[in-house]
K.L.:
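Shown below is the structure under consideration.
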Amino acid sequence: MPFGRLARQNLKLNAREIPIELSPELCAIKYVHLNITISTFLILVPTRTFFPMSESKVHNPFAEVNEKVARAGELLKLKPGVISALSSCEREVVISIPLRKNDDVEVLTGYRVQHSSARGPRKGGIRFHQDVDLNEVRALASLMTWKTALIDVPFGGAKGGVAVDATKLTAIEKEEIIRRWTRSLVHVLGHHRDIPAPDMGTDSKTMAWLMDEFHRLEGFQPACVTGKPVELFGAPGREEATGRGVARIAAATLEQNERKVKGATVVIQGFGNVGRFAALGCEELGMTVIAISDVTGGIVNKKGLDIKSLLSHQTLADAQVAERVGSSKVLEVECDVLIPAALGGVINEENVERIKADFIIEGANQPITSAADRKLCERGAIIVPDILANSGGVMGSYFEWTQNIQEFSWPIEKFRSELDSRMEKAFSQTHKVSKKYKVDLRTAAFIVAVERVAKAFEMRGSLV
Ligand code: NAD
């Protein structure tokens, strides 16, 4: 039996309660050490066998984040060992989730990756999507570290996920999955350890089930998860926070570049939490949303779509419009501002030459591959990176967390004004650093974030 299959079987047998620590640095070379912390055996696993999905993907999301960390680290003149530490994840847990299906069981794989706790408890969403794999979760966990540092909230970075098509799950199945995920991971979660939140394929209802399961195991602790329903310790304003932030960053970017906000044309990919509220926010700020898409396809109206009426639709499949385009073709519609707010890697070498927008505001995480990013920058497109553009979500989660801990609640007006002013501060800081170092906004955002995390990491001492 090949090493990989042996390791997989052991993983399945042991993973339910045991945190598995993998060294990402060793992954990058040929083999991974599986250091299973409770039982004490070590296995060498060829990565090709162990991570088949990541290997088959055209781009490597974790390596792409680490390229940016390394570039920022070099500009900041950090020691190579520190850059290497910041490019590794503190802990990676892989679990199996047996899901009842008719009279049989389907075994799903779940993840929680904790990238850094240098600046506070780890924070990050949980994604339910069929393409979720360990490498993607690492990348997203790492991005959370840089995002929380950039907006200066006292959190580190983490991310979780389950490889499952959320659109094919019943509500009962979704509840069963999140409860099992919580039971298997409870030992690494908690309001001062690691705080999950919604991401693609999960929502406030999912977070309510997570909180309920956590309470059964550990007692009352509403701050153990954010993005909860308002009726159940959620914060008014949290649901709209990511999209609201994206829209405000779009407006600020136009103004910074002496372009009119009113009447600027906007195209959005994604009609979920981020896409819907970004569309609404752009419309409220006077921009004209001319195209939007979801997994069912895209709709276009050059004179402007009526976003408020579209919001009553669950998907765009049954929206009444004259012109339709494909889900990804929407990215190529001519516009001033393009907001990818669905999947990662959607702007890549295959379609980059056809992307016409002057400004790209990254609502989704990693929507642009590194190769496409270089081409867009060469042709002068202004790109606001994910760790800044969509940071309204984790900012809102921070407000919810602090309110839960204080057992106090803010009115929505206070939530919104705090969100807007803190995002504006992060935007102008990033801008200043981009001028100082003569670099693009993405590099500048990483410089600010990496400097903060590196300082905290070094101040904690080297005998960790
Ligand atoms: P969601 O599940 O609410 O919505 C996802 C949307 O993408 C849906 O409209 C879906 O139909 C669409 N979609 C899926 N596949 C598509 C495809 N192939 N083409 C076009 N559209 C497609 O997810 P969300 O919470 O809105 O998250 C979207 C992105 O934003 C993710 O990258 C997520 O990591 C990021 N993000 C979310 C938050 C948050 O607070 N929810 C915060 C920061 C970043």
Side-chain angles (χ1 to χ4, degrees), residues 123 125 144 147-155 195 197-199 203-204 207-208 222-223 225-256 261-262 264 266 268 270-289 307-308 310-312 337 339 341 361-364 384-431 445:
K123 185 85 191 79
M144 287 306 296
K147 204 177 290 186
T148 53
L150 177 65
I151 60 169
D152 207 8
V153 291
F155 288 136
I195 308 119
D199 193 79
D203 56 16
S204 58
M207 299 305 112
V225 57
T226 59
K228 302 178 292 290
V230 173
E231 301 82 355
L232 205 61
F233 308 104
R238 167 62 185 93
E239 196 187 7
E240 66 180 30
T242 314
R244 180 184 177 87
V246 168
R248 273 162 171 70
I249 291 279
T253 308
L254 286 164
E255 278 169 357
Q256 186 80 46
V261 175
K262 204 166 164 44
V266 179
I268 301 176
F271 193 56
N273 175 277
V274 183
R276 282 168 184 256
F277 285 108
L280 198 59
C282 287
E283 193 180 66
E284 280 167 8
L285 292 167
M287 292 173 251
T288 309
V289 181
I307 300 301
K308 283 198 187 81
L310 283 176
L311 292 179
S312 61
V337 179
I339 304 178
I361 315 294
E362 294 188 331
V384 183
D386 44 12
I387 61 169
L388 175 59
N390 69 33
S391 62
V394 70
M395 183 79 85
S397 278
Y398 168 57
F399 298 160
E400 182 178 331
W401 179 76
T402 50
Q403 289 172 60
N404 287 157
I405 287 171
Q406 295 171 62
E407 299 189 15
F408 188 77
S409 130
W410 292 356
I412 193 164
E413 295 74 25
K414 180 170 164 68
F415 187 111
R416 286 179 176 156
S417 69
E418 279 283 325
L419 182 83
D420 295 350
S421 72
R422 283 169 176 252
M423 289 211 57
E424 198 189 312
K425 190 173 164 199
F427 180 78
S428 71
Q429 254 173 351
T430 307
H431 225 270

K.L.:
Enter the distance from S391:OG to I249:CD1 here, rounded to the nearest 0.5 Å.
P.N.:
6.0 Å

K.L.:
So which atom in P236 and which in G234 form the shortest heavy-atom distance, rounded to 0.1 Å?
P.N.:
CD-O, 3.9 Å

K.L.:
Closest approach of N390 and A364, non-hydrogen atoms and distance?
P.N.:
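Closest approach of N390 to A364: ND2-O, 3.3 Å.
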
K.L.:
Between I151 and R422, is the side chain to side chain contact (heavy atoms under 4.5 Å, CB included) condition met? List the steps.
P.N.:
CA-CA 7 Å; I151 60 169; R422 283 169 176 252; over 6 Å; no

K.L.:
Would you indicate whether the side-chain heavy atoms of F271 and R276 approach each other to under 4.5 Å?
P.N.:
yes

K.L.:
Do R416 and E240 have side-chain heavy atoms sitting under 4.5 Å apart?
P.N.:
yes

K.L.:
With a 4.5 Å cut-off on side-chain heavy atoms, are F233 and S409 touching?
P.N.:
no

K.L.:
Is any side-chain heavy atom of V153 less than 4.5 Å from a side-chain heavy atom of M395?
P.N.:
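Touching, per the 4.5 Å side-chain cut-off.
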
K.L.:
In sequence, state the C-alpha distance, the side-chain angles, and the governing distance for N404 and K228, and then conclude on side chain to side chain contact (heavy atoms under 4.5 Å, CB included).
P.N.:
CA-CA 11 Å; N404 287 157; K228 302 178 292 290; 2.7 Å; yes

K.L.:
Is it the case that the side chain of T148 and the backbone of F155 share a donor-acceptor pair, with hydrogens and angles ignored and the cut-off at 3.5 Å?
P.N.:
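Looks like yes, one N/O pair under 3.5 Å.
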
K.L.:
Side chains of T402 and Y398, heavy atoms from C-beta outward: is any pair under 4.5 Å?
P.N.:
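In contact.
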
K.L.:
Mind listing the closest non-hydrogen atom pair of I339 and V266 along with its distance?
P.N.:
CD1-CG1, 3.9 Å

K.L.:
Where is the tightest heavy-atom contact between F427 and T253, given as atom of each residue plus distance?
P.N.:
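Heavy atoms only, the tightest pair is CE1-OG1, 3.6 Å.
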
K.L.:
Distance check, rounded to the nearest 0.5 Å: E362 atom CD versus D386 atom CG?
P.N.:
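One gets 4.5 Å once the value is rounded to the nearest 0.5 Å.
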
K.L.:
Can you list the steps and then say if E239 with D203 is a side chain to side chain contact (heavy atoms under 4.5 Å, CB included)?
P.N.:
CA-CA 9 Å; E239 196 187 7; D203 56 16; over 6 Å; no

K.L.:
Is any side-chain heavy atom of T226 less than 4.5 Å from a side-chain heavy atom of M207?
P.N.:
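No - every pair of side-chain heavy atoms lies 4.5 Å or more apart.
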
K.L.:
Please indicate whether Q403 has more than 12 foreign heavy atoms, meaning atoms of other residues, nucleotides or ligands, lying under 6.0 Å from its CD.
P.N.:
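Result for CD/Q403: enclosed.
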
K.L.:
Hey, could you give me the CG/CG distance between L280 and L311, rounded to the nearest 0.5 Å?
P.N.:
5.5 Å

K.L.:
If you compare all heavy atoms of I361 against all heavy atoms of A389, which two are closest, and at what distance to 0.1 Å?
P.N.:
CG2-CB, 3.7 Å

K.L.:
To the nearest 0.5 angstrom, please state how far the CE atom of M423 sits from the CZ atom of R248.
P.N.:
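Going from the CE atom of M423 to the CZ atom of R248 covers 10.0 Å.
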
K.L.:
If you round to the nearest 0.5 Å, how far is OG of S417 from CD1 of I412?
P.N.:
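Going from the CD1 atom of I412 to the OG atom of S417 covers 11.0 Å.
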
K.L.:
In Å, rounded to the nearest 0.5 Å, how long is the span from CD of E400 to CD1 of I195?
P.N.:
10.5 Å

K.L.:
Do you know which two heavy atoms are closest between F399 and L419, and how far apart they sit?
P.N.:
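Smallest interatomic distance, heavy atoms only, reads CE1-N, 3.6 Å.
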
K.L.:
Are H431 and Q256 close enough that some pair of their side-chain heavy atoms sits under 4.5 Å apart?
P.N.:
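They are in side-chain contact.
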
K.L.:
For residues E418 and W410, determine if any side-chain heavy atom of one lies less than 4.5 Å from a side-chain heavy atom of the other.
P.N.:
yes

